Novice: 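Got a structure here, written out as structure tokens. Questions coming.
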Number of protein chains: 2
Amino acid sequence: MTFQRHTALDDRATQTDQNTMRILIADDHELLRDTLMLYIGNEPGMVAESVQDLDAAEARMAAGEEYDLVLLDFTMPGMDGLDGLRRIMGMSGDHRVAIISGTAQRDIAEEVLAAGAAGFLPKTLSAKSLVNALRFMALGEQYAPLDFMRASENDQQKHPLAKQLSQREFEVLEGLTQGKSNKEIARDLDIREPTVKLHVKTLYRKIGASNRTQAAMIAKEKGLF
Amino acid sequence: MTFQRHTALDDRATQTDQNTMRILIADDHELLRDTLMLYIGNEPGMVAESVQDLDAAEARMAAGEEYDLVLLDFTMPGMDGLDGLRRIMGMSGDHRVAIISGTAQRDIAEEVLAAGAAGFLPKTLSAKSLVNALRFMALGEQYAPLDFMRASENDQQKHPLAKQLSQREFEVLEGLTQGKSNKEIARDLDIREPTVKLHVKTLYRKIGASNRTQAAMIAKEKGLF
DNA sequence: ACACCACCTATCCGACCGGATAGGAGCTCT
DNA sequence: AGAGCTCCTATCCGGTCGGATAGGTGGTGT
């Protein structure tokens, strides 16, 4: 992997401030902050700063710092879902804000875009694609990776544990992890309670649980939901 | 920041294989893979390769590649909790394997270390600390960030949620997170079942749960245990 | 046509849970 | 000494859970 040419702008040291793109990265994963800043800093015409939570990002912006783009991690202290995004976007000034996330799925991405964010960037994106997306968004466009947005609604067929379960059992298990009663699950899925009980019982067998709390903990630890 | 040297091998042909540390990174976040490889490649005496899931890591190792250290992301296709770690560690050869994670809490870290891993690395670690940890682990030591592991060592003192609970309620809550029945908890703590029920009820009120599964999930998500 | 499977519904029962209520023992602080 | 706290025990009750059993529907593959 070499870095002789990143873009056509590479060797033009005449870069002016107006042409330099300022990016603020807010993410509680210091590892990513450090390495990503290094990567972006290596890109011509790009300068990145980083903070570790939403409050710090807000403080920077409130202090009058101007950024061409602000990247917010979706799961970071202070975010609280989309509230943090809305708070930053509601600040005075004309800010372009994008969400970056390692865990959020398509439904979250859609809500993010609907809320008016400049883009949604999963951490499964390559560094190169990310930089391209940054430039794209700085131009005023809205970005989200197409393959990510095309991902099927129920992409649990990948997970080994979920694979053993039928679709319904999976949905019931999701209810269990939310601490719902059989009655509530039945209402939510629009089926009868006895049916829920059946699914509960059979999924216990399949995943090796002996009660709903164990089932919920197993699902959680295996990384489902 | 320039990249005249990516690795010590780049311009120093005298570097011997014995002195170069080979690292395999398995993580489905390509963004982190790209940027972290760049960062590590910039460190003298370190070479990193990366793959995007557990199967690919397994294939590399099965193909006879030798690594001084293998980093596995905890939430990555094929991992399935600790199973993936055990699978890699059970492979023939003498491999040192560490877990890296952006979401796992202390309980997971302890299980990882108990399983014999070389270390546990949260992504909140700085890049510099990570590199230091890598060198440390390559020496045969076991690593985990102290502040992370102290996160709830004698839990009550630190955690705001646990602080509201009495000692007994806390112990009962621990039983709940293991999916135990009131009767089992009573036996383990050597108290009567009605007493357990009392503690259960009062701790529901304190943490805002309405049943044992919710209580367990709340405790888990808040990072207790 | 048949077996098979996932999914749905139903009933019965013993066990457990969640909530209320009512105490008593030991400790600390004022 | 009494107030206040935590921790312990106990009983009662309605509701829920866990497990077994029995059956019906619709789609798939042989």
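Since the model is a prediction, treat every value here as computed from it, not as a measurement. Note on naming: letters A, B, ... go to the chains in the order of the sequence lines (proteins, then strands), and numbering restarts at 1 for each one.
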Novice: By salt bridge (Lys or Arg N to Asp or Glu O under 4.0 Å), which residues pair with B:Lys183, not counting sequence neighbours?
Specialist: none

Novice: Using a cut-off of strictly less than 4.0 Å, decide whether B:His199 has a side-chain nitrogen or oxygen near OP1 or OP2 of D:dC8.
Specialist: yes

Novice: Just checking B:Lys206: does its NZ atom have more than 12 heavy atoms from other residues, nucleotides or ligands closer to it than 6.0 angstrom?
Specialist: yes

Novice: For A:Ala56, which residues count as a side-chain contact (heavy atoms from CB on, under 4.5 Å) partner, sequence neighbours excluded?
Specialist: A:Val51, A:Asp53

Novice: Do the side-chain N or O atoms of A:Arg212 get closer than 4.0 angstrom to the phosphate oxygens (OP1, OP2) of D:dG18?
Specialist: yes

Novice: Applying ring-ring contact (aromatic ring centres under 6.0 Å, His included) as the test, list every pair that has at least one member in residues 190-210 of chain B; sequence neighbours left out.
Specialist: none

Novice: Taking ring-ring contact (aromatic ring centres under 6.0 Å, His included) as the test, write out the residues that go with A:Phe74, two or more places apart.
Specialist: none

Novice: Of all of residues 179-192 of chain A, which get a heavy atom below 4.0 angstrom from DNA chain C, listed by number?
Specialist: A:Ile191, A:Arg192

Novice: With sequence neighbours left out, write down each residue that passes side-chain contact (heavy atoms from CB on, under 4.5 Å) with A:Thr202, or none if nothing qualifies.
Specialist: A:Glu169, A:Leu198, A:Arg205

Novice: For nucleotides 21-29 of chain C, give me every protein contact, N/O to N/O, under 3.5 Å, one pair per line with atom names.
Specialist:
none

Novice: What donor-acceptor contacts under 3.5 angstrom involve side-chain atoms of residues 135-143 of chain B, with partners at least two apart or in another chain?
Specialist:
from	atom 1	to	atom 2	distance (Å)
B:Arg135	NH2	B:Glu43	OE1	3.2
B:Arg135	NH2	B:Pro44	O	3.3
B:Gln142	NE2	B:Leu113	O	3.2
B:Gln142	NE2	B:Ala117	O	2.9

Novice: Show the atom names and distances, to 0.1 Å, of all donor-acceptor pairs under 3.5 Å that link a side chain in residues 59-66 of chain B to residues at least two apart or in another chain.
Specialist:
from	atom 1	to	atom 2	distance (Å)
B:Arg60	NH1	B:Glu49	OE1	2.6
B:Glu65	OE1	B:Arg22	NH1	3.3
B:Glu65	OE1	B:Arg22	NH2	3.0

Novice: So, does A:Thr195 get its side chain near the phosphate of C:dT9, meaning an N or O under 4.0 Å from OP1 or OP2?
Specialist: yes

